[in-house]
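What follows is a single structure, written as structure tokens, with notes after it.
Each chain gets a letter, A, B and so on, in the order the sequences are listed, and its residues count up from 1. All values derive from a computational prediction rather than experimental measurement.
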There are 2 protein chains.
Amino acid sequence: MRMSATEEYGLRCLLVLARQGTEGQMSVADIAEAEGISVPYASKLLAIMRQAGLVTAVRGRKGGFRIRREPSEIDLLEVITKLGGPLLDPDHCAKRTGQLEQCIHTDNCSVHDILGSLAGKIAGFLAGTTLNDLIEKERLMVLPRIDRRPSDASQTQG
Amino acid sequence: MRMSATEEYGLRCLLVLARQGTEGQMSVADIAEAEGISVPYASKLLAIMRQAGLVTAVRGRKGGFRIRREPSEIDLLEVITKLGGPLLDPDHCAKRTGQLEQCIHTDNCSVHDILGSLAGKIAGFLAGTTLNDLIEKERLMVLPRIDRRPSDASQTQG
DNA sequence: CAAATACCTTACAAAAATGTAAAGTATTAT
DNA sequence: ATAATACTTTACATTTTTGTAAGGTATTTG
């Protein structure tokens with residue numbers, strides 16, 4: 001019950017673009033550097049998000065990626081599910097059957113039921129948080145450090 | 001962002017024992033059959049839960065497993081984390097660093113922050129649901145089918 | 001005490017997720 | 001046009017997770 005690597009790094013790369021706004025643009029190389037991951041890996045994650053319609057790619061010499069919609073219009077549920085698939089595997093019963101042909105609990109199963117409730121809660125939380133919320137939060141976390149204005153340094157020195 | 005196979009099957013096996021109560025007992029073979037998984041696999045999952053203190057094992061010819069505490073006293077957070085580890089990987093920053101020595105966001109990172117909030121929400125939900133809740137829910141799902149009491153059949157027949 | 005039963009442990013095989021590499025295609029600048 | 005840049009795609013190596021196999025240990029029954 002954790003966030004996968006694809007989901008987390010994908011989200012991080014998308015946040016880099018989100019900080020540039022819909023008009024901004026960045027190359028994969030720069031995005032990769034910003035997040036400390038390899039260029040091919042960032043490239044792969046961005047390709048997924050491009051196919052999912054989250055980002056746009058511009059090819060050629062002055063190419064790069066940009067975010068497709070306003071960061072305030074993109075919630076985490078969309079990002080996470082597009083990167084890692086649905087929270088609740090749709091053909092769960094077909095896969096996790098042990099040695100049987102089909103899940104023995106298909107119709108009457110409290111675990112499926114509770115899994116559904118849990119997925120709903122998680123989805124609700126993720127849907128209620130946008131990329132912009134993350135960026136805002138980020139700003140609030142950095143600001144306290146640059147509280148004293150540099151121009152005032154001479155006054156407060158003594 | 002899904003429940004792992006270990007978590008789900010482990011939970012299912014534990015539920016089988018929970019239905020027997022703290023006095024009941026079942027062999028791995030019977031548990032495995034009840035959930036439609038292989039005996040060695042069920043054995044492995046039960047071993048994890050034994051070491052985690054969720055179940056007790058009785059060895060020897062009349063051996064088997066039993067649940068260690070009342071199902072109403074065991075919540076899903078405990079089960080899930082003991083089977084699959086913490087919701088938020090503790091040395092996350094040490095692992096997911098891309099090519100760097102350490103995560104570049106260690107101190108200032110809105111993603112970590114939001115991940116923490118999410119993990120908290122999930123934990124809250126899981127902590128609020130016990131094994132007994134699942135069993136109760138299960139009963140309510142089956143009951144409607146046996147609504148008419150068999151002993152009343154002669155009275156309502158005409 | 002010996003045989004049968006059932007848990008225990010370690011090692012290993014298979015599958016899925018993660019991350020890397022390389023060759024290809026499109027665009028820009030010279 | 002040609003070279004340089006940057007996205008695109010496919011294939012592959014690595015790691016982790018999942019599931020199986022086998023031999024060992026403990027307890028009961030005759």
Side-chain angles (χ1 to χ4, degrees), chain A residues 1-13 17 25-33 35-52 54-68 80 83-85 89 91-92 94-100, chain B residues 1-13 17 25-33 35-52 54-68 80 83-85 89 91-92 94-100:
Chain A
M1 198 83 233
R2 295 205 198 95
M3 187 168 280
S4 74
T6 303
E7 287 164 352
E8 175 169 345
Y9 283 131
L11 171 60
R12 285 182 188 282
C13 289
L17 290 176
Q25 183 176 309
M26 272 181 93
S27 69
V28 175
D30 288 344
I31 296 169
E33 193 188 0
E35 285 305 318
I37 63 179
S38 73
V39 174
Y41 190 24
S43 194
K44 187 177 191 170
L45 297 170
L46 286 160
I48 295 171
M49 294 195 283
R50 183 185 59 78
Q51 285 168 5
L54 287 170
V55 300
T56 312
V58 177
R59 296 180 71 157
R61 189 158 176 174
K62 290 196 112 179
F65 284 90
R66 64 180 60 165
I67 198 162
R68 217 156 189 282
I80 296 300
L83 281 164
D89 194 341
D91 42 62
H92 177 96
K95 283 183 186 169
R96 297 192 177 167
T97 61
Q99 300 178 316
L100 303 175
Chain B
M1 197 84 233
R2 294 206 198 94
M3 186 169 281
S4 74
T6 302
E7 287 164 350
E8 176 169 344
Y9 282 130
L11 171 60
R12 285 182 189 282
C13 289
L17 290 176
Q25 181 176 310
M26 272 181 93
S27 70
V28 174
D30 289 344
I31 297 169
E33 192 187 1
E35 285 304 320
I37 63 179
S38 73
V39 174
Y41 190 24
S43 193
K44 187 177 192 169
L45 297 171
L46 286 160
I48 295 172
M49 293 194 283
R50 184 184 60 76
Q51 286 169 4
L54 286 169
V55 300
T56 312
V58 177
R59 297 178 72 156
R61 189 157 177 179
K62 289 196 111 180
F65 283 90
R66 63 181 61 164
I67 197 161
R68 217 156 189 283
I80 297 300
L83 281 164
D89 195 341
D91 41 62
H92 178 94
K95 285 183 185 169
R96 296 192 177 167
T97 60
Q99 300 178 315
L100 303 176

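- Regarding B/L45, its CG atom lies at a distance of 13 Å from the P atom of C/dC8, rounded to whole Å.
- In terms of phosphate contacts, B/S38 brings a side-chain nitrogen or oxygen within less than 4.0 Å of OP1 or OP2 of D/dT20.
- A/E7 places its CD atom 8 Å from the P atom of C/dT18, with the value rounded to the nearest Å.
- In the set D/dA11, D/dT28, D/dT8, D/dA11 carries the atom at the smallest distance from any side-chain atom of A/K44.
- Toward the 5′ end of DNA chain D lies the nearest nucleotide of A/A29, the other residue of the pair B/G60 and A/A29 mapping further downstream.
- Atom pair A/R2:CZ and D/dT16:P shows a separation of 12 Å (rounding to whole Å applied).
- A/E7 places a side-chain N or O within 3.5 Å of a backbone atom of A/S4 that can act as its donor or acceptor partner.
- Residue B/I31 contributes atom CD1, which lies 12 Å from atom P of C/dA6 at whole-angstrom precision.
- Protein atom OH of B/Y41 is 18 Å distant from nucleotide atom C1' of C/dT9, rounded to whole Å.
- Judged by distance alone with a 3.5 Å cut-off, no donor-acceptor contact links the side chain of A/R59 to the base of D/dT8.
- For the pair B/A57 and B/R50, the tightest heavy-atom approach, listed with the atom from each and the gap, is CB-CD, 3.5 Å.
- Within the structure, every side-chain polar atom (N or O) of B/R50 is placed at least 4.0 Å from both OP1 and OP2 of C/dC7.
- Nearest nucleotide to the side chain of B/R61, out of D/dT20, D/dT18, D/dT29: D/dT29.
- Distance from the side chain of A/S27 is smallest for D/dC7 among the nucleotides D/dT28, C/dA29, D/dC7.
- When heavy atoms are screened at a 4.0 angstrom cut-off, B/Q51 is found touching the sugar-phosphate backbone but no base atom.
- The interatomic distance linking B/I48 (CD1) with D/dG19 (C1') rounds to 12 Å, in whole Å.
- Counting to the nearest Å, the P atom of C/dC7 and the CE atom of B/M49 are 13 Å from each other.
- B/V28 places none of its side-chain heavy atoms less than 4.5 Å from the side chain of B/P40.
- To the nearest 0.5 Å, the span separating CD1 on B/I48 from OG1 on B/T6 amounts to 6.0 Å.
- For the atom pair A/L83 CG and A/L45 CG, the distance stands at 7.0 Å (nearest 0.5 Å).
- Nucleic acid contact for B/A57: sugar-phosphate only, since backbone atoms but no base atoms lie under 4.0 Å from a heavy atom of the residue.
- Rounded to an integer number of Å, the gap from A/E33 CD to D/dA6 P is 13 Å.
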